[in-house]
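Data first, discussion second: the structure below is written as structure tokens.
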Amino acid sequence: MIALVDCNNFYCSCERVFNPLLRDKPVVVLSNNDGCVVARSNEVKAMGIKMGTPLYQIRNILEANNVAVFSSNYNLYGDMSRRVMMLLSEFTPELTQYSIDEAFLDLSGFGEGEKLVSYGRKIVKTIGKGTGIPVTMGIAPTKTLAKVASRYGKKYKGYGGVCIIDTEDKRIKALQGFEIGEVWGIGHRSLDKLRYYGINTALDFTQKSESFVRKLLTITGVRTWKELRGESCIDVEELPQKKSICTSRSFPDSGLSELSSLEEAVANFTSECVRKLRMQHSCCTEITVFAYTSRFRLDLPQHCINRTIHLQVPTNDLQELVSTAVRALRMDFRKEGGYLYKKAGVIAWNIVPDSAIQTNLFDTIDREKQSRLAAAIDAINRKNGHNTIKVAVQGTTGKSWHLKCEHISKQYTTNLDDVIIVK
DNA sequence: TCTGGGGTCCTAGGACCC
DNA sequence: TCTGGGGTCCTAGGACCC
């Protein structure tokens, strides 16, 4: 049996841990730039506010209902996630973290039926007590069914945080009351197609033939279909190495028009990609820079920059990648035309381990020297903080492109100055 | 006025090989 | 007039996830 552990309203719950007065109050957490709603407490869900709603559309409702509003605080959420995962790993040797707030646990060998449920309740209780984060567990023979079970666990308090689908009877009942669009793996495109054929519930879907599903939704649809029928076939693996690394941001207000501001932003995004590359001990062979105007502002002139540069030798060198990215930006940047770039980003791909670099006969860079320099910079930054030493084009103020985050909470668990004082 | 960020996987079609 | 067969690899775009 497989268990899915899912933190309830994770970002909101993190804020509540350090602000207990909010425990029964409505809470929302916003995306970067305070743009959209990305997490809602149950009270806010009950108000009918949808995931992804832009803040400006619901500002009045939030104020009228006294909703606590937070900018996203990823240092806090990341650290709380680490704590949850650490506690979970004490209950089974087979744990796969699936996202910041979810993990799959292999519970084979831990009994069945009531015994399994009570083990699950013990896990849920331990996480709640140890971190302050409420979690729900769904248990079933497949991952997709475990997801279904956890939804029921969240919906009905009576389950005590753990819902199990372990008999054919329960499976049929669960799928009968489950909208097909809510199933893990069925997005809005597939939903449209399924609706056309009158398929509304997960049970309807499982009663179609394999060839029908294959034709309509390809192999991925068939996997979901099998999983819902109880045949396990989706593997979620801990990815040893990322295949692409991206850092991108939207800019506040209307966006940026000056090349120098964009250069500074792109340089910093590249620096962040380099940090991620080095953290997983890899190099990239290709780097893409993109920047575009707001797709919502059809009244303004539109332009899209998207330039990829292929590197001779795989690298994770800060100076080399920053100068390459800035060069890519300059190739496509348009000064004339009054373009306001609203979003930009950098993607590193073609990623290889840093231990297996294929060198190039015509390479002109002294890589030995560069890597000694990079190691020295790493050491200084590790000791004095990220970006203590950086490339000049990264700038020193960041004013022109920095994010809006007017409602951010403190770094309660990652900054000594912000640790809560108990009186 | 104001609309997030970071990933993976699959498929079709083109280019190329012998 | 009439132009093969069987592959691989790469890429862009689509779909999905949280």
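These figures come from a predicted structure and were not determined experimentally. Naming: A, B, ... by sequence-line order, numbering from 1 per chain.
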Checklist entry - Roughly how far, to the nearest 0.5 Å, is CZ of A:Phe178 from CZ of A:Phe205? => result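 Spacing of CZ (A:Phe205) from CZ (A:Phe178) equals 13.0 Å.
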
Checklist entry - If you measure from CG on A:Asp204 to CD1 on A:Ile199, what distance do you get to the nearest 0.5 Å? => result 7.0 Å

Checklist entry - Are A:Asp378 and A:Arg382 close enough, and set up right, to give a salt bridge (Lys or Arg N to Asp or Glu O under 4.0 Å), and what steps lead you there? => result CA-CA 6 Å; A:Asp378 275 352; A:Arg382 210 167 22 245; 5.2 Å; no

[X] [atom1]: over 12 foreign heavy atoms closer than 6.0 Å:
X	atom1	answer
A:Lys410	NZ	no
A:Asp192	CG	yes
A:Glu182	CD	yes
A:Lys276	NZ	yes
A:Lys45	NZ	yes

Next on the checklist: Under 4.0 Å, heavy atoms only, any strand: does A:Asp101 hit a base, just the sugar-phosphate, or nothing?
Outcome noted: sugar-phosphate

Next on the checklist: Mind checking if A:Leu30 touches a base, just sugar-phosphate, or nothing, with heavy atoms under 4.0 Å?
Outcome noted: nothing

Next on the checklist: What I want to check is whether the side chains of A:Thr142 and A:Thr144 have a donor and an acceptor closer together than 3.5 Å.
Outcome noted: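 No - no donor-acceptor pair under 3.5 Å links their side chains.
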
Next on the checklist: Just to verify, what does A:Glu320 make a side chain to side chain donor-acceptor pair (under 3.5 Å) with, not counting sequence neighbours?
Outcome noted: A:Thr315, A:Arg367

Item to check | Residues forming a side chain to side chain donor-acceptor pair (under 3.5 Å) with A:Glu15, sequence neighbours excluded | outcome: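 A:Glu15 satisfies side chain to side chain donor-acceptor pair (under 3.5 Å) with A:Tyr77, A:Ser409 only.
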
Checklist entry - On DNA chain C, which is the earliest and which the latest nucleotide, 5' to 3', with an atom closer than 4.0 Å to a heavy atom of chain A? => result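 Boundary nucleotides touching chain A, in 5' to 3' order, are C:dA15 to C:dC18.
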
Next on the checklist: Is the ring pair A:Tyr341/A:His303 parallel, tilted or perpendicular, if the boundaries are 30 and 60 degrees?
Outcome noted: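 A:Tyr341 and A:His303: perpendicular rings.
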
Next on the checklist: Heavy atoms within less than 4.0 Å of DNA chain C: which residues of residues 179-198 of chain A have one? Give them sorted by number.
Outcome noted: A:Val183, A:Trp184, A:Gly185, A:Ile186, A:Gly187, A:His188, A:Arg189, A:Ser190

Check DNA chain B against [range] and give the residues with a non-hydrogen atom under 4.0 Å, in numerical order.
range	value
residues 246-256 of chain A	A:Cys246, A:Thr247, A:Ser248, A:Arg249, A:Ser250, A:Asp253, A:Ser254
residues 208-233 of chain A	A:Arg214, A:Thr218, A:Ile219, A:Thr220, A:Arg223
residues 134-151 of chain A	none
residues 44-59 of chain A	A:Pro54, A:Tyr56

Over all heavy atoms of both residues, which pair between [X] and [Y] is shortest? Give the atoms and the distance, please.
X	Y	answer
A:Ala267	A:Val393	CB-CG1, 3.5 Å
A:Arg16	A:Leu22	NE-O, 2.9 Å
A:Arg278	A:Ala374	NH2-CB, 3.4 Å

Next on the checklist: Show, in sequence, the C-alpha distance, side-chain angles and deciding distance for A:Tyr11 and A:Phe70, and conclude whether the ring-ring contact (aromatic ring centres under 6.0 Å, His included) test is met.
Outcome noted: CA-CA 9 Å; A:Tyr11 297 170; A:Phe70 289 93; over 10 Å; no

Checklist entry - Given pairs defined as Watson-Crick or G-U wobble with both distances under 3.5 Å, what dot-bracket annotation applies to DNA chain C, with ( ) intrastrand, [ ] crossing, | other strand and . unpaired? => result ....||||||||||||||

Checklist entry - How would you list, by chain and number, every residue that makes a side chain to side chain contact (heavy atoms under 4.5 Å, CB included) with A:Ser323, sequence neighbours excluded? => result none

Next on the checklist: Among residues at least two apart in sequence or on other chains, which ones pass ring pair (Phe, Tyr, Trp, His ring centres under 6.0 Å) with A:Tyr412?
Outcome noted: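 By the ring pair (Phe, Tyr, Trp, His ring centres under 6.0 Å) rule, A:Tyr412 matches A:Phe18.
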
Checklist entry - For the side chain to side chain contact (heavy atoms under 4.5 Å, CB included) test, which of A:Ile61, A:Thr53, A:Leu55, A:Asn60 pairs with A:Gln57? => result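 By the side chain to side chain contact (heavy atoms under 4.5 Å, CB included) criterion, A:Gln57 pairs with just one of A:Ile61, A:Thr53, A:Leu55, A:Asn60: A:Thr53.
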
Table please: side-chain donor-acceptor pairs of residues 345-354 of chain A below 3.5 Å, with sequence neighbours left out.
from     : atom 1 : to       : atom 2 : distance (Å)
A:Trp349 : NE1    : A:Thr288 : OG1    : 3.1
A:Asn350 : ND2    : A:Glu286 : OE1    : 3.4

